[in-house]
Amino acid sequence: MKNSFYYKDKTNFKIIISVYSKNNETIISVKDYGKGISSTSIKNIFTEYYTSGKKNNTGLGLSFCKKVIDAFAGSIECYSTENISTTFIIRLPIITSPAVDKMKYDLMSIKKILFIGNQNKILSDINHLAFFYNFELFYKKTSLYNIADLDTNNYDCIIIDINTINNTLLTELQEKIATTTIKIIVIHHKNDAQKITLSKAYESYVFEYDHIDKLQQKLITQIFTQKKPNNILFDTINSNKTKIMIVDDNISLRLYSGILLKNAGYDVIEADNGLTALNYLQETTVDLILMDSQMPIMSGIEATKEIRTNNQYCSHQHIPIICYSGSLDELQKEHLVNVGITDFLLKPSSKTTLLNIVNQWL
């Protein structure tokens with residue numbers, strides 16, 4: 001990264017970083033569009049004390065990186081085209097250890113698990129796991145369960161028996177936990193007919209139940225895996241990752257709205273005032289802005305005026321800007337329309353209201 005930023009003043013300079021897992025290894029790719037490295041130099045870049053002549057360069061940085069990566073049984077490769085780009089690929093094996101397993105075991109004792117279903121065999125197995133890990137288990141029969149009673153602060157994971165639940169209950173559950181960190185496990189049985197059709201969003205949560213060992217493995221995996229967005233009700237919206245900027249000095253509202261939009265498939269940028277938003281717009285392109293009208297440093301009204309009239313923001317002069325406000329009368333709305341506001345949204349808004357108005361303008 002330090003080497004990349006050395007050429008940050010180059011026209012069209014940028015850095016692209018990606019991280020993904022494949023074939024039991026984690027792959028980190030760092031690509032910059034700087035000066036590039038010649039074919040003769042690239043052979044020596046991981047050699048101690050080798051330097052290309054940059055000021056204050058010791059020639060130890062990349063050799064040290066390689067030693068660290070080697071210590072983790074990984075590898076590092078470099079590919080470059082002069083005057084175009086340089087890419088470093090780091091490969092690290094996915095490794096488990098007794099220390100990691102012990103940490104997971106200890107952490108399980110503070111987890112709260114809810115089972116929704118009617119099968120005593122599954123309940124018995126989950127009880128065994130609760131005894132082993134010392135987590136707190138809650139149980140609700142499907143026929144007696146009301147989603148309205150679900151306290152989303154009470155659970156870390158919900159295990160659902162798919163053959164004892166209907167589409168309505170499943171959809172209500174999804175709506176309830178969409179903006180939480182609650183994990184889901186959906187159980188189906190080899191010899192039972194599946195009674196409902198699952199959205200693709202649930203595919204990673206479904207597993208075939210036949211033994212307590214499989215249930216144990218699935219539970220630990222889900223508990224310690226980052227939750228993926230579930231887009232069951234809005235899975236057709238903006239698959240091309242439309243970018244939305246939320247400008248509001250209220251961090252709680254930004255986080256809440258951001259989660260809803262991300263779960264619906266949008267990319268989200270957050271800014272805490274109008275000036276920060278304008279700085280972002282000089283570096284990135286967005287498709288829609290949710291703008292609070294009153295903020296410290298620079299209000300949403302001032303920022304909107306700048307976007308609509310300043311040629312510095314010409315690429316954004318005609319994008320939708322939705323005023324996200326606590327209350328506005330008709331006179332205020334008329335003034336904001338004259339400034340350049342496209343539409344209005346009362347905050348805090350429900351998930352449906354927020355996504356409907358965003359989808360209306362995109």
Side-chain angles (χ1 to χ4, degrees), residues 1 4-5 7-20 29-34 83-87 229 231 234-251 253-293 295 297-325 336-345 347 349 354-362:
M1 294 296 292
S4 297
F5 280 116
Y7 300 102
K8 65 181 183 298
D9 295 327
K10 179 185 173 184
T11 304
N12 297 324
F13 172 81
K14 60 183 174 180
I15 299 173
I16 299 174
I17 302 173
S18 60
V19 182
Y20 57 96
S29 169
V30 181
K31 183 174 184 177
D32 72 66
Y33 291 83
N83 298 314
I84 297 179
S85 67
T86 299
T87 303
N231 306 324
F234 301 93
D235 55 5
T236 60
I237 297 178
N238 295 301
S239 58
N240 61 344
K241 287 289 185 181
T242 301
K243 190 175 291 185
I244 296 173
M245 178 184 285
I246 303 173
V247 190
D248 199 306
D249 60 321
N250 185 323
I251 187 171
L253 187 136
R254 288 203 318 269
L255 288 171
Y256 171 74
S257 302
I259 289 171
L260 294 179
L261 292 168
K262 288 174 185 176
N263 282 352
Y266 297 101
D267 275 343
V268 175
I269 298 175
E270 297 178 23
D272 57 0
N273 63 72
L275 183 59
T276 304
L278 293 180
N279 290 335
Y280 281 157
L281 293 180
Q282 293 177 27
E283 301 175 359
T284 187
T285 300
V286 303
D287 302 287
L288 180 144
I289 300 175
L290 289 172
M291 183 86 77
D292 185 20
S293 58
M295 293 175 287
I297 303 178
M298 179 182 281
S299 71
I301 299 172
E302 294 173 293
T304 301
K305 287 180 180 177
E306 282 292 305
I307 294 168
R308 296 307 193 203
T309 61
N310 191 332
N311 287 333
Q312 192 173 0
Y313 310 103
C314 59
S315 61
H316 293 94
Q317 283 181 348
H318 302 291
I319 70 165
I321 301 178
I322 298 172
C323 182
Y324 207 13
S325 180
L336 290 171
V337 169
N338 291 332
V339 168
I341 291 295
T342 310
D343 206 339
F344 303 92
L345 186 62
K347 65 179 181 180
S349 295
L354 173 63
L355 294 179
N356 281 346
I357 196 166
V358 167
N359 193 40
Q360 175 185 334
W361 289 105
L362 290 173

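Below, each value reflects all heavy atoms present in this structure, side chains not excepted, and no hydrogens, waters or symmetry copies.
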Report task. Starting at OG1 of Thr86, measure out to NZ of Lys31 and round the result to the nearest 0.5 Å. Result -> 9.5 Å
Report summary line: What one should report as the nearest heavy-atom pair of Asp272 and Met295 is O-SD, 4.0 Å
**Report entry** Main-chain N/O of Glu270 paired to Arg254 side chain as donor or acceptor, under 3.5 Å
**Finding:** no
Report task. Step by step, work out the side chain to side chain contact (heavy atoms under 4.5 Å, CB included) result for Ile15 and Ile17. Result -> CA-CA 7 Å; Ile15 299 173; Ile17 302 173; 4.0 Å; yes
Query raised in the report: So Leu278 and Asn310, side chain to side chain contact (heavy atoms under 4.5 Å, CB included) or not? Walk me through it.
Result: CA-CA 11 Å; Leu278 293 180; Asn310 191 332; over 6 Å; no
**Report entry** From Ile322 atom CD1 to Leu336 atom CG, the distance as rounded to the nearest 0.5 Å
**Finding:** 13.0 Å
Query raised in the report: Under 4.5 Å between any side-chain heavy atoms of Leu290 and Asp248, yes or no?
Result: no
Requested in this report: For Gly258 and Val268, work out which heavy atoms get closest and say how close.
Outcome: O-CG2, 4.0 Å
Query raised in the report: Within a strict 4.5 Å, meaning less than it, do heavy atoms of the Leu288 and Thr242 side chains meet?
Result: no
**Report entry** Verdict with reasoning, Leu281 to Glu306, per side chain to side chain contact (heavy atoms under 4.5 Å, CB included)
**Finding:** CA-CA 11 Å; Leu281 293 180; Glu306 282 292 305; over 6 Å; no
Requested in this report: Enter the distance from Leu345:CG to Asp292:CG here, rounded to the nearest 0.5 Å.
Outcome: 11.5 Å
Query raised in the report: Do Thr342 side-chain atoms and Ile321 backbone N/O form a donor-acceptor pair below 3.5 Å?
Result: yes
Query raised in the report: How long is the span from the CG atom in Leu354 to the CG atom in Leu261, to the nearest 0.5 Å?
Result: 4.5 Å
Requested in this report: Would you confirm whether Thr309, through its side chain, and Lys305, through its main-chain N or O, come within 3.5 Å as a donor-acceptor pair?
Outcome: yes
Report task. Taking the side chain as every heavy atom from C-beta outward, state whether Tyr266 and Leu362 have any atom pair closer than 4.5 Å. Result -> yes
Query - Check: Lys243 main-chain N/O paired with Asp287 side-chain donor or acceptor under 3.5 Å - result: yes
**Report entry** Considering all heavy atoms, the nearest His316-Thr285 contact
**Finding:** NE2-CA, 3.4 Å
**Report entry** Verdict with supporting geometry, Tyr33 and Ile16, side chain to side chain contact (heavy atoms under 4.5 Å, CB included)
**Finding:** CA-CA 9 Å; Tyr33 291 83; Ile16 299 174; 4.0 Å; yes
**Report entry** Sub-4.5 Å side-chain heavy-atom contact between Ile307 and Met291
**Finding:** yes
